[in-house]
Amino acid sequence: MQSSIEGLEPIRIILEDADLAGWVHLQGQRMTDILQAGEPFSFLPAGVDQAQWGEVFPDETVLVVPPPHVSPPELRVPRNQHQVFIRAGRFRVAGTAHLRPGEQDDPILRATRRFLPLTQATFARDDEPDEPAEVVIVNLRRVDEFGTQ
């Protein structure tokens with residue numbers, strides 16, 4: 001989906017029982033930070049007029065395919081890259097997690113994060129074919145299985 005509405009960014013929000021495409025207004029923020037804040041955020045579903053804005057509650061999301069974003073260098077923190085496999089309900093996700101040293105083996109450290117972005121990711125529901133995505137943000141509170149390679 002291309003950004004065709006002034007100032008809005010394309011997004012895909014996957015809930016346990018719905019797969020929503022639409023638009024968000026990031027106002028310079030990273031989608032991960034918006035999700036981590038835990039507050040509802042505004043979402044404009046694709047195919048409706050702009051008067052149909054709704055709210056999405058981060059805790060209801062399973063996966064989010066965010067708009068493309070390059071973080072400013074001052075927001076980047078050195079992290080170790082790990083290939084991970086995650087099972088969240090009916091969804092499976094694989095990709096590269098950028099974790100702090102020791103975080104991949106420590107559930108308490110992982111618990112301090114509510115959402116984990118994976119780069120160069122693939123995701124799918126049940127037995128459907130994998131879909132590639134530059135980034136997939138996983139709601140860690142929905143994770144049933146977390147493995148690193």
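Computed from a prediction, not measured in an experiment: that's the story for all the values here.
One distance of note links CD1 of I137 with CG of L118; it measures 9.5 Å at 0.5 Å rounding. Interatomic distance, CD1 of I14 versus CZ of F123, reported as 4.5 Å (0.5 Å rounding). Going from atom OG1 of T119 over to atom CD of Q81 covers 6.5 Å, rounded to the nearest 0.5 Å. Taking CG from N139 and CG from L63, the interatomic distance works out to 8.5 Å, rounded to the nearest 0.5 Å. Summarising the geometry, atom CD belonging to E55 is positioned 10.5 Å from atom CD belonging to E60; distances are rounded to the nearest 0.5 Å. We find the CG-CG distance between D33 and L26 to be 10.5 Å, quoted to the nearest 0.5 Å.
Side chain of Q36 to main chain of F115: a donor-acceptor pair is present (N/O by atom type, distance under 3.5 Å, no hydrogens or angles). Listed for the R114 side chain is no donor-acceptor partner under 3.5 Å among the backbone atoms of P58.
Residues T61 and L15 approach most closely at CA-CD2, 3.7 Å, considering heavy atoms. The two residues I13 and V56 make their nearest non-hydrogen contact at CD1-CG2, 3.9 Å. The two atoms that bring V143 and E145 nearest to each other are CG1-O, 3.2 Å, heavy atoms only. Closest of all the heavy-atom pairs between I11 and P66 is CG1-CA, 4.2 Å. Taking all atoms of both residues into account, the shortest heavy-atom contact from V136 to A133 is CG2-CB, 3.7 Å. Summarising the geometry of A124 relative to P129, their closest heavy-atom pair is CB-O, 3.5 Å, with the distance given to 0.1 Å.
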Tell me, with the steps shown, if R12 and L20 meet side chain to side chain contact (heavy atoms under 4.5 Å, CB included). CA-CA 6 Å; R12 185 169 169 192; L20 310 173; over 6 Å; no
Report the C-alpha separation of M31 and V64 in whole Å, then their side-chain angles, then the decisive distance to 0.1 Å, and conclude whether the side chain to side chain contact (heavy atoms under 4.5 Å, CB included) test is met. CA-CA 9 Å; M31 193 65 215; V64 175; 4.2 Å; yes
Working for salt bridge (Lys or Arg N to Asp or Glu O under 4.0 Å), residues R90 and E128: CA-CA 10 Å; R90 297 173 48 202; E128 294 177 3; over 6 Å; no
After noting the C-alpha distance and the side-chain angles of L8 and L44, does the key distance pass the side chain to side chain contact (heavy atoms under 4.5 Å, CB included) rule? CA-CA 9 Å; L8 299 180; L44 178 63; 4.0 Å; yes
Walk me through whether T148 and F85 qualify under side chain to side chain contact (heavy atoms under 4.5 Å, CB included). CA-CA 6 Å; T148 60; F85 170 82; over 6 Å; no
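The side-chain hydrogen bond (donor to acceptor under 3.5 Å, both in side chains) search around T96 returns Q83, not counting sequence neighbours. Not counting sequence neighbours, the partners of S42 by the side chain to side chain contact (heavy atoms under 4.5 Å, CB included) test are W53.
Contact check on R125 versus E16 returns no salt bridge, with no Lys/Arg side-chain nitrogen under 4.0 Å from an Asp/Glu carboxylate oxygen. Salt-bridge check for D130 with R92: passed, with a basic side-chain N closer than 4.0 Å to an acidic carboxylate O. R87 has no carboxylate O lying under 4.0 Å from a charged side-chain N of D144, or vice versa, which leaves the two without a salt bridge.
Between L35 and F41 there is a side-chain heavy-atom pair separated by less than 4.5 Å.
The environment of D127 atom CG is sparse: at most 12 non-hydrogen atoms of other residues, nucleotides or ligands sit within 6.0 angstrom.
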